[in-house]
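Below, chains carry the letters A, B, ... as their sequence lines are ordered, and counting in each starts from 1. Keep in mind that the numbers below use all heavy atoms, side chains included, and drop hydrogens, waters and symmetry copies. Only a predicted model underlies this, so the values are computations on that prediction, with no experimental measurement involved.
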Amino acid sequence: MVQREKVRAMEEEYNAQEVENKWQSRWNESRIFEPEPDEREKFLITIPYPYLNGNLHAGHTRTFTIGDVIARHKRMQGYNVLYPMGFHVTGTPIVGLAELIDNKDPETMDVYTRLHRIPEDILPGLNKPEKIVDFFSVEAEKAMRSIGYSIDWRRKFTTTDPTYKKFIEWQFNLLHEKGLIVKGSHPVKWCPNDNNPVEDHDILHGEQATIVDYTLVKFEYNGMILPCATLRPETIFGVTNLWVNPDIKHVKVKVSKDGKDEIWIVSEEAHTKLTYTDREVEFIEEVPSETLVGIKVTNPLTGKDVITLPASFVKAGNGSGIVMSVPAHAPFDYLALKDLYEKDLTEYGITEDLRDIKLISLIDAKEFGEYPAVEAVEQLGVTDQNDPKATEATKMVYRREFHGGVLKENTGKYAGIAVSKIKDALTRDLIEQGIGEIFYEFSEPVICRCGHKCVVNMVKGQWFLNYSNPEWKDKVYRCIEKMNIIPEELRVEFNNKVDWLKDKACARKKGLGTRLPFDQDWLIESLGDSTIYMSYYITNKFFAQGIEPEKLTAKLFDYVLLNKGTVQATAIDTGLDEHLIAQMRNDFEYWYPVDMRSSGKDLVANHLLFFLFHHVAIFDEDKWPRSLAVNGFVSLEGQKMSKSKGPILTLKEAIDTYSADISRMYILSSAEQTQDADWRNTEVESAKKQVERFYKLAMEIIDSDGKSGLAGELKLIDRWMLSRLEQCVRDTNNDMTSLRTRGALQNAFFLLYNDIKWYQRRGGSAVLYDVLNRWVRLMAPFIPHICEEIWSGMGHDENEFVSLAAYPVFMPEYIDNDAELAEELIVNTLSDIEEIIKVTKLSPKKAVLYTSPQWKNDAFKLAISMQNGGELNPGKLIKTLMAEPDNRRYGKEIPKYVQKMVPDISSMKTERFEMLNDFKLDEKKTLEENIECLVNEIGCPIEVYTADEPEYDPEKKSRFASPLRPAIYLE
RNA sequence: GCCUGGGUGGCGGAAUUGGUAGACGCAAGGGACUUAAAAUCCCUUGAGGCUGAGUCCUCGUACGAGUUCGAUUCUCGUCCCAGGCACCA
């Protein structure tokens with residue numbers, strides 16, 4: 001007997017590893033996650049494939065688990081779901097890692113044994129990129145299988161597969177033909193001493209520095225050019241003069257670009273910087289600075305002549321060393337000009353009165369009048385150009401004008417355009433007219449490790465993806481507009497990023513990857529080859545069966561992915577079977593577009609953008625992605641994770657320690673989609689207990705000869721339980737639609753669990769089996785293994801997977817307001833009694849309850865109906881009540897009660913209001929029927945009366961009774 | 001600096017379109033069961049205050065104003081935090 005009980009107990013103990021292995025192999029054997037096109041609606045969800053320079057970690061775990069839970073939820077909702085996975089290995093990090101391992105770099109060896117947990121006998125062998133790829137792709141797949149992702153593994157690939165390279169070549173040829181890949185130059189941080197680009201870790205000072213693109217405006221003087229660098233080219237229209245610092249050295253140089261020669265006058269330092277740009281620069285001679293002051297130069301855009309004036313604030317190292325002055329909109333310019341009013345400038349040959357220089361206003365901003373700079377200076381009380389408040393005034397004007405400013409009539413064809421939108425368009429026009437150029441400069445000085453000052457260097461002859469192309473961008477905006485973006489707040493961010501995106505260098509000399517098909521010297525950069533590969537999952541189901549890469553011609557991809565040409569022609573071109581090609585085409589047509597791409601937020605400004613750009617460039621509009629979801633990061637016990645420094649928690653470690661279901665449950669419940677999650681061991685432990693409790697409760701229900709109780713008579717508490725269950729079903733589904741996995745688990749797990757416990761505490765049991773039947777399906781996407789185990793425990797056949805069962809759909813007929821209000825009455829009464837006991841420190845021998853008198857019920861209902869009609873007014877309510885002769889005897893109490901009740905009702909939420917609107921509840925009967933529960937909880941006999949006829953009321957407590965709050969007397 | 005998001009108990013965090021702030025979880029404390037422990041269950045937990053037994057009161061959502069019958073929520077200003085700012089995946 002004792003022996004038998006022990007065996008039984010062991011079975012009840014949940015063995016995660018065994019159960020999870022079992023269901024993983026059953027899923028695998030039955031191929032339920034290997035979908036083929038059928039008559040159902042499809043759902044293609046993809047997650048960015050992991051980059052394999054290490055083991056999968058908690059960050060991957062989160063993103064992939066979110067994807068899996070969506071896939072499983074959609075699958076249970078009846079969609080034909082495809083969730084594929086591949087491996088990203090293109091680029092330099094894996095090559096770098098192989099070198100480090102080959103050199104036995106101590107830090108690398110340490111990080112990869114200790115943090116990535118690679119056995120010491122294996123690690124030294126990973127000294128070639130290919131070996132690293134082989135090793136980690138096997139490890140990653142194992143890890144993802146062990147956490148139970150519903151991935152179709154037939155479609156996996158790595159980005160160095162010969163067939164994948166064919167696909168990438170096709171794509172890049174296509175983009176090249178469309179003119180979206182162009183040759184050009186691009187600016188990099190450069191150390192003149194090392195003669196090399198500097199990366200962030202090579203920088204001693206100025207890691208924060210960014211490369212800022214100034215517009216260089218070419219003012220003319222005697223056939224020579226005085227270029228001025230500005231961040232606000234639109235202010236050219238307001239230039240009244242230039243500033244030249246007579247105390248710095250200026251030089252005359254010959255500048256050649258695109259076969260055009262010009263003579264420029266710039267500061268000596270600017271000359272040095274120019275030599276690193278994509279211009280040929282030849283020194284001619286020094287120019288005495290004073291000869292540059294007081295001369296007339298021509299504004300290239302307006303054709304007007306303006307004078308050059310002396311200014312000590314102009315720094316040789318900033319821009320060209322010559323500055324244009326816009327006193328109407330730039331406080332510094334205004335102050336500097338004003339400071340000169342009283343100065344004698346005859347030494348520069350300037351005799352005219354500077355007060356005659358009229359400020360030119362060109363921007364309308366709602367906070368300002370004609371001259372924003374003047375207003376800002378006066379408002380802040382800035383005294384002169386050396387006043388620190390001048391900077392503040394500049395910021396203020398700049399910010400307001402940039403965000404709310406619009407160009408005025410005097411800007412000609414630009415009039416009416418927002419200041420925030422003008423820079424790129426205007427700069428392009430200036431360049432076209434040959435009167436402007438782009439000039440790159442750091443936002444702050446950058447010093448190399450070697451101690452030298454860095455410059456911006458133009459790397460020439462580089463291949464670019466022409467993301468700045470306005471038509472291309474327009475298509476992306478259109479795509480975003482039609483897309484579902486989760487969370488919605490990110491839509492603005494995406495649009496901003498599209499706006500900000502410039503041409504991107506897309507080729508490298510080093511690393512793994514595919515050669516640029518039209519220029520074999522270059523390798524395609526790794527973000528560029530990861531843009532439309534979701535379509536490759538579809539074709540790779542066929543390729544992976546062993547098709548020679550040579551057969552993957554451009555015609556094949558044209559036909560399958562773009563529906564160009566015919567199946568016959570494609571068959572001849574490739575030597576592949578017509579039927580096979582038709583099948584590929586058919587599969588693609590079925591599965592594409594991507595229904596959802598879900599990713600970590602680190603990819604917003606790069607991969608996700610490129611994903612959109614390439615899709616709109618290559619595919620027809622009906623194949624553009626439909627939705628995009630972004631999730632936050634994961635930290636470990638409050639610390640940021642780091643692949644190279646730690647801490648790091650690998651997926652495998654999490655599974656080994658906590659099991660698949662618990663890791664899934666925890667990562668999904670600990671934070672909502674966009675928030676960063678923090679992995680804390682104490683909370684994972686608690687998740688473990690919760691899941692075990694769930695299993696135990698399920699087993700108890702099954703063991704107690706569980707069967708449906710819906711056919712029998714339902715008591716109040718049963719109806720309450722079913723009503724609560726449906727609320728959870730509804731809320732869970734709503735949460736899942738918006739990818740709020742945390743909210744979904746709150747509803748599907750914690751709240752429902754608490755309700756079930758209360759149901760049991762109240763003596764309910766009739767519908768437990770029915771609740772479990774829905775509950776286990778509700779939870780299946782989150783913790784699928786344990787749910788399969790329970791599902792089979794409930795008597796489902798080996799091939800009836802809960803993973804394929806129907807997800808519970810909200811059944812409004814089970815919502816029972818009266819049952820919920822009745823239960824609320826009982827809970828309220830109970831807690832009121834307990835509170836009184838606590839305050840009085842009584843141990844009651846008897847409790848007496850008085851339910852609300854009829855007149856208060858009437859008053860309450862009347863108030864509700866008045867509120868319903870939108871005119872709840874205490875005076876009117878009192879009058880109406882008093883008009884009833886029977887109510888006269890409560891003449892004193894009515895106003896008191898109304899005054900108290902009206903604010904409660906008028907501040908009610910609509911949901912609550914609707915619930916009370918038509919409630920019918922006999923409070924006395926309800927309390928009497930559930931007296932047993934109250935007696936058990938309080939531990940003394942209880943009597944119930946209505947306040948209308950209190951048979952026993954020694955302290956006149958009955959007068960406190962009101963609807964849903966019975967009065968209480970204890971003795 | 002620019003862009004985006006955020007600031008609520010001891011902690012993680014809830015609070016549909018403005019409607020009883022602090023759901024749910026963690027941690028902590030108390031109690032029950034147990035020889036004991038674990039597990040489980042029950043109670044308390046924003047701060048402060050009063051009482052004749054309490055179906056209680058006051059204050060509280062970074063700070064300062066404003067709109068509103070009513071503001072964590074909307075507007076303006078201030079302070080603080082996180083992420084992104086690229087040729088790297």
Considering only the [atom1] atoms, how many Å lie between [N] and [M], rounded to the nearest integer?
N      : M      : atom1 : result
B:rG12 : B:rA27 : P     : 15 Å
B:rA89 : B:rG84 : C1'   : 15 Å
B:rG46 : B:rG13 : C1'   : 15 Å

*Identify all stems in which RNA chain B takes part, counting only runs of at least 3 consecutive pairs (Watson-Crick or G-U wobble, each distance under 3.5 Å), and give each as one range with another, ordered by first number.*
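Stems found: B:1-7 with B:79-85, B:10-12 with B:24-26, B:28-32 with B:40-44, B:46-49 with B:56-59, B:62-66 with B:74-78.
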
Of the nucleotides [options], which has the atom closest to the [X] side chain?
X        : options                : answer
A:Ala505 : B:rC26, B:rA86, B:rC87 : B:rC87
A:Leu527 : B:rA39, B:rC3, B:rA89  : B:rA89
A:Arg761 : B:rC88, B:rC85, B:rC43 : B:rC43
A:Lys640 : B:rC24, B:rC87, B:rG83 : B:rG83

*State which residues pass side chain to side chain donor-acceptor pair (under 3.5 Å) with A:Thr159; sequence neighbours excluded, sorted by chain then number.*
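Expected list: A:Thr90.
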
*Using the test side-chain contact (heavy atoms from CB on, under 4.5 Å), find all partners of A:Lys856 that sit at least two apart in sequence or belong to another chain.*
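A:Ser852, A:Pro853, A:Tyr897, A:Ser962, A:Pro963.
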
*What residues form a side-chain contact (heavy atoms from CB on, under 4.5 Å) with A:Gln639, not counting sequence neighbours?*
A:Pro647

Distances for protein N or O near nucleotides 10-13 of chain B N or O, under 3.5 Å:
| residue | atom | partner | partner atom | Å |
| --- | --- | --- | --- | --- |
| B:rC11 | O2' | A:Arg680 | NH1 | 3.4 |
| B:rC11 | O2' | A:Arg680 | NH2 | 3.1 |
| B:rG12 | N2 | A:Arg742 | NH2 | 3.2 |
| B:rG13 | O2' | A:Arg742 | NH2 | 2.5 |

_Aromatic ring proximity A:Tyr49/A:Phe87, centre distance under 6.0 Å_ = no

*Who passes ring-ring contact (aromatic ring centres under 6.0 Å, His included) against A:Phe633, sequence neighbours left out?*
none

